[in-house]
Enquirer: 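I'd like to ask some things about the structure below.
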Amino acid sequence: MQSSATASTTAVLRVINERAVFAEIFRLGKASRPELAAVTGLSKPTVAVTLNNLEDAGLLRQVGRRAGPAGRSALLYEVRPEAGYVLAVDIGRAFVRTALADLVGDIVARKEEPSHGYRERDLVAQLTRLADELAGAAGVTRHDITLAVFGTPGIHDKTDGSLHLAPNLPGWERHNSVPQLAGITGATYVVENDTNLAAIGEATYGLGRGVRHFVYVQIGTGTGMGIVIDGKLYRGTRGAAGEIGYMPVGDGDPLLDEPGSRGRGMFESVASAAGVVATSHRLGLVDAVTAKEVLDAARAGDEAALRAVDREIEYLGRALAGVTAVLDPELVVLGGGVAGHAGDLLTGPLLERLDRLVALRPPRIEVSTLGTDAVLLGALASGLTAARDLVLDRAEPPTAR
C-alpha cells in the first residue's frame with residue numbers, strides 16, 4: 001500500500017505534468033503525443049497517460065491525425081473550446097460593453113448597450129440579463145461561465161468591497177457594493193481598473209505588443225493611465241498607480257477649483273470630455289454640447305474650437321512631461337473617446353509640445369488601434385489565463401490541492 005506521502009507526491013507530479021502538457025497544446029494549437037514528449041521532456045507513456053486524464057476531464061479532444069514518417073500517423077489533440085468560458089464586462093458611465101469567449105479565446109457573443117449604472121441594483125440586474133443573453137447565444141447558461149472579469153473606473157478596495165475614485169459610478173463607493181457582482185454568474189470574478197485592462201489589451205493585441213515599457217492614457221468621460229513596466233502591469237501599493245486625473249495640471253489652484261471638480265481631480269476636470277466642452281464654452285464656442293462637436297468644429301477651422309484643442313494639448317503636454325520624467329516610457333498610447341476622435345489633431349502638436357518640455361527625446365505617441373474594445377480585450381486576455389488555471393484546478397485530484 002502506498003504511504004500518504006507517496007500518494008501525495010504522485011498526485012503533485014500528475015498536476016505538474018498536466019499543466020505542462022495543457023500549456024503546450026495551447027501554445028501549439030494542435031499537438032501529437034510525440035510532439036508533446038519532445039517539447040515537455042516527458043516520456044511518451046507519461047504524455048499518453050496525461051492526455052487521457054485531460055481528455056477524461058473534458059479539457060481536450062482528438063482532432064484527427066498527422067502523417068508521419070514511413071506512413072505512420074499520430075493522433076492530434078486540441079483544447080476543447082467549450083471546457084470553459086470567460087465573461088468580459090466594461091462598465092462605463094454611459095455604456096456597458098460585454099463579451100463572452102470560450103477557453104481558446106474565440107468571442108462567441110458580445111453586446112453593448114446604454115448603462116443602467118446610476119443605482120447598483122439596476123446595473124447588477126442589467127449585467128445579469130446580459131450574461132444570460134450572451135450565454136444563451138453560446139448555447140450554455142451563465143452558470144457555465146468559468147470566470148467573469150469586470151472593468152470599472154476607480155480602485156477596488158477589497159477590504160470593504162467598495163470602489164474608490166469612481167465618481168462616474170455613484171453609489172459604488174459604499175461598503176459591500178462590489179460583492180453584488182458575484183451573483184451575476186455565480187462564478188469566480190475579478191474587478192480591475194478599466195484603464196489597467198486597456199493597457200493589458202494594448203500589450204496583448206495592440207500597439208503595446210513587444211514594447212517593454214509603455215503607458216496607456218485614457219482621455220474620455222474620465223482620465224486614467226495604465227502603466228506597463230518591463231512587460232508587466234504596474235498597480236502601485238494600493239492599486240492607484242496611474243490615477244493621473246489627480247495630477248495638479250490645469251488652471252488655478254487644485255484646492256480652489258469649481259465645486260465638485262476636486263473629487264474628479266484637477267487634470268481630469270480640464271482634460272476629460274467635459275473639460276474640453278467647458279474650455280470651448282469659456283473661449284466662445286457656447287453651442288458645443290459634446291467633445292466631438294468641439295473637435296469637429298476645430299477641423300472645420302472654428303477659431304474658438306482650435307483654441308480649445310490647443311488648450312487640451314497644453315494640459316496633456318504638461319501631464320505627459322511629468323509621466324515621461326518619472327517613468328521614461330518608450331511609447332504613449334492615447335485611448336478613450338477624446339483621443340479616438342482627436343488623434344489627427346493631437347498627436348503631432350502634442351509631440352512638439354512634449355519635445356519642448358522634457359530634457360531627453362520624448363516617447364512615441366500613437367492613438368490606440370483597439371478603440372472602444374481595449375478594455376474588453378484586456379479583460380479577455382487576463383481572464384483567459386486565469387480561467388485556464390481554474391479548469392485545471394477543478395480537474396486536479398483532491399490529494400494534490
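Note that this is a predicted model, so its numbers are computed, not measured.
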Enquirer: How long is the span from the CG atom in L130 to the CG atom in L87, to the nearest 0.5 Å?
Expert: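 Answer for the CG-CG pair, L130 versus L87, is 9.0 Å.
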Enquirer: Do L123 and V96 come within less than 4.5 Å of each other through their side chains, counting heavy atoms only?
Expert: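 Side-chain contact under 4.5 Å: yes.
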Enquirer: What I want to find out is whether D344 reaches R299 closely enough, with some N-O distance under 4.0 Å, to be called a salt bridge.
Expert: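 Looking at R299 together with D344, the answer is yes, because their closest N to O distance falls below 4.0 Å.
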Enquirer: Heavy atoms, side chains only, cut-off 4.5 Å: are L60 and V79 in contact?
Expert: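 Side-chain contact under 4.5 Å: yes.
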Enquirer: Taking ring-ring contact (aromatic ring centres under 6.0 Å, His included) as the definition, give me every residue that meets it alongside F22, ordered by chain and number, with sequence neighbours left out.
Expert: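 Result, ring-ring contact (aromatic ring centres under 6.0 Å, His included) vs F22: F26.
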Enquirer: Apply the test side chain to side chain contact (heavy atoms under 4.5 Å, CB included) to residues L233 and I200: give CA-CA distance (whole Å), side-chain angles for both, the deciding distance (0.1 Å), then the verdict.
Expert: CA-CA 7 Å; L233 182 70; I200 294 173; 4.0 Å; yes
Enquirer: Rounded to the nearest 0.5 Å, what's the gap from CZ on R238 to CG on L165? Could you check?
Expert: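 The CG atom of L165 is 9.0 Å from CZ of R238, to the nearest 0.5 Å.
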Enquirer: I'd like to know if the side chain of R318 and the backbone of Y315 have a donor-acceptor N/O pair within less than 3.5 Å.
Expert: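 A pair under 3.5 Å: no.
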Enquirer: Measuring from L295:CG to E312:CD, what's the distance to the nearest 0.5 Å?
Expert: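 Answer rounded to 0.5 Å: 8.0 Å.
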Enquirer: Please name the pair of heavy atoms, one in L384 and one in L103, separated by the smallest distance, quoted to 0.1 Å.
Expert: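 Taking every non-hydrogen atom into account, CD2-O, 3.9 Å.
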Enquirer: The test is salt bridge (charged side-chain N to carboxylate O under 4.0 Å, His left out); show your working for R364 and E330 and say whether it passes.
Expert: CA-CA 6 Å; R364 291 186 289 123; E330 175 185 343; 3.7 Å; yes
Enquirer: Are the side chains of I184 and F150 in contact, using a 4.5 Å heavy-atom criterion?
Expert: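 Side-chain contact under 4.5 Å: yes.
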Enquirer: Assess whether side chain to side chain contact (heavy atoms under 4.5 Å, CB included) is satisfied between E192 and R235, documenting all intermediate values.
Expert: CA-CA 10 Å; E192 178 65 270; R235 291 183 174 85; 2.4 Å; yes
Enquirer: Which pair of heavy atoms, one from L354 and one from A321, lies closest together, and at what distance?
Expert: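 Closest pair (atom of L354, atom of A321, distance): CD1-N, 3.4 Å.
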Enquirer: Using a 4.5 Å cut-off on heavy atoms from C-beta on, say whether the side chain of V89 contacts that of L376.
Expert: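 SC-SC contact between L376 and V89 ruled out.
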Enquirer: With side-chain hydrogen bond (donor to acceptor under 3.5 Å, both in side chains) as the test, would you mind laying out the steps for Q62 and E78 before giving the verdict?
Expert: CA-CA 7 Å; Q62 297 178 17; E78 70 177 8; over 6 Å; no
Enquirer: Before accepting this row, confirm whether a basic side-chain N of the pair E24/R27 lies closer than 4.0 Å to the acidic partner's carboxylate O.
Expert: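 Looking at R27 together with E24, the answer is yes, because their closest N to O distance falls below 4.0 Å.
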Enquirer: In plain terms, say whether R110 and D373 are close enough for a salt bridge, that is, a side-chain N and a carboxylate O under 4.0 Å apart.
Expert: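 Looking at R110 and D373, the cut-off is met.
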Enquirer: Do E352 and R356 sit within salt-bridge range, that is, some charged N less than 4.0 Å from a carboxylate O?
Expert: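 No, no charged N to carboxylate O under 4.0 Å.
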Enquirer: Using side-chain hydrogen bond (donor to acceptor under 3.5 Å, both in side chains), reason through E202 and S368 one step at a time and then give a plain yes or no.
Expert: CA-CA 8 Å; E202 286 292 341; S368 172; 2.3 Å; yes
Enquirer: Considering non-hydrogen atoms only, spot the tightest contact between L181 and W172 and give its length.
Expert: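 Result for this residue pair: CD2-CH2, 4.0 Å.
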Enquirer: Taking P114's backbone N and O only, do any of them form a donor-acceptor pair with Q126's side chain (distance below 3.5 Å, no angle check)?
Expert: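 At least one qualifying donor-acceptor pair exists.
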Enquirer: Please check: side-chain N/O of T146 versus main-chain N/O of Y85, any donor-acceptor pairing under 3.5 Å?
Expert: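 Judged by distance alone, yes, a pair lies under 3.5 Å.
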Enquirer: Going from CG on L207 to OH on Y216, what distance comes out if it is rounded to the nearest 0.5 angstrom?
Expert: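 It comes to 10.0 Å.
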Enquirer: Walk me through it: do R19 and D393 pass the test salt bridge (charged side-chain N to carboxylate O under 4.0 Å, His left out)?
Expert: CA-CA 10 Å; R19 289 180 180 273; D393 287 345; 2.4 Å; yes
Enquirer: Should E113 and R129 be marked as a salt bridge (charged side-chain N to carboxylate O under 4.0 Å, His left out) after you check the CA-CA gap, both sets of side-chain angles, and the distance that decides it?
Expert: CA-CA 12 Å; E113 63 184 38; R129 173 179 54 79; 2.3 Å; yes
Enquirer: For D287, is the CG atom crowded, meaning more than 12 foreign heavy atoms sit under 6.0 Å from it?
Expert: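 Incorrect, the count does not exceed 12.
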Enquirer: What pair of heavy atoms forms the shortest contact from A304 to L283, and how long is it?
Expert: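 Smallest heavy-atom distance, with atoms named: CB-O, 3.4 Å.
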Enquirer: Do V149 and Y189 have side-chain heavy atoms sitting under 4.5 Å apart?
Expert: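 In short, these two side chains do not touch, never coming nearer than 4.5 Å.
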Enquirer: Find the distance between OG1 (T324) and CZ (R361) and round it off to the nearest 0.5 Å.
Expert: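 Result: 12.5 Å between the selected atoms.
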Enquirer: Determine, step by step, whether K111 and E133 satisfy the side chain to side chain contact (heavy atoms under 4.5 Å, CB included) criterion, reporting the C-alpha distance in whole Å, the side-chain angles of both residues, the deciding distance to 0.1 Å, and the verdict.
Expert: CA-CA 9 Å; K111 193 165 186 178; E133 292 175 1; 2.7 Å; yes
Enquirer: Quick one about E366 and T347 (side-chain donor to acceptor, distance below 3.5 Å, no hydrogens or angles considered), yes or no?
Expert: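 T347 vs E366: no donor-acceptor pair found between side chains.
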Enquirer: Would K232 and D230 count as a side chain to side chain contact (heavy atoms under 4.5 Å, CB included) here? Give the steps.
Expert: CA-CA 6 Å; K232 298 178 181 178; D230 200 22; 5.8 Å; no
Enquirer: Are any non-hydrogen side-chain atoms of T98 and D90 less than 4.5 angstrom apart?
Expert: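 Of all side-chain heavy-atom pairs linking D90 with T98, none is under 4.5 Å.
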Enquirer: May I have the step-by-step check of side-chain hydrogen bond (donor to acceptor under 3.5 Å, both in side chains) for T141 and D144, ending in yes or no?
Expert: CA-CA 5 Å; T141 74; D144 294 311; 3.2 Å; yes
Enquirer: Can you confirm whether L390 sits close enough to T188 that some side-chain heavy atom of one is under 4.5 Å from a side-chain heavy atom of the other?
Expert: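 Result yes, sub-4.5 Å side-chain heavy-atom pair found.
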Enquirer: Could you note down all residue pairs passing salt bridge (Lys or Arg N to Asp or Glu O under 4.0 Å) where residues 159-180 supplies at least one of them, sequence neighbours left out?
Expert: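 Sorted result for residues 159-180: E120-R174.
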Enquirer: Please report the closest heavy-atom contact between V277 and A288, naming both atoms and the distance.
Expert: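 Looking at all heavy atoms of both residues, the closest pair is CG1-O, 3.7 Å.
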Enquirer: Show the nearest heavy-atom pair for residues L306 and A298, with the distance to one decimal.
Expert: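 Looking at all heavy atoms of both residues, the shortest contact is CD2-O, 3.4 Å.
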Enquirer: Pair R353, D310 - check salt bridge (charged side-chain N to carboxylate O under 4.0 Å, His left out), show working.
Expert: CA-CA 10 Å; R353 194 73 51 96; D310 189 63; 2.9 Å; yes
Enquirer: Examine distances only and state if a side-chain atom of H156 and a backbone atom of N193 form a donor-acceptor pair shorter than 3.5 Å.
Expert: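 Side chain of H156 to backbone of N193, a donor-acceptor pair under 3.5 Å: no, none is there.
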Enquirer: Could you give the distance from OG (S272) to CD1 (I219), rounded to the nearest 0.5 Å?
Expert: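 Spacing of OG (S272) from CD1 (I219) equals 8.0 Å.
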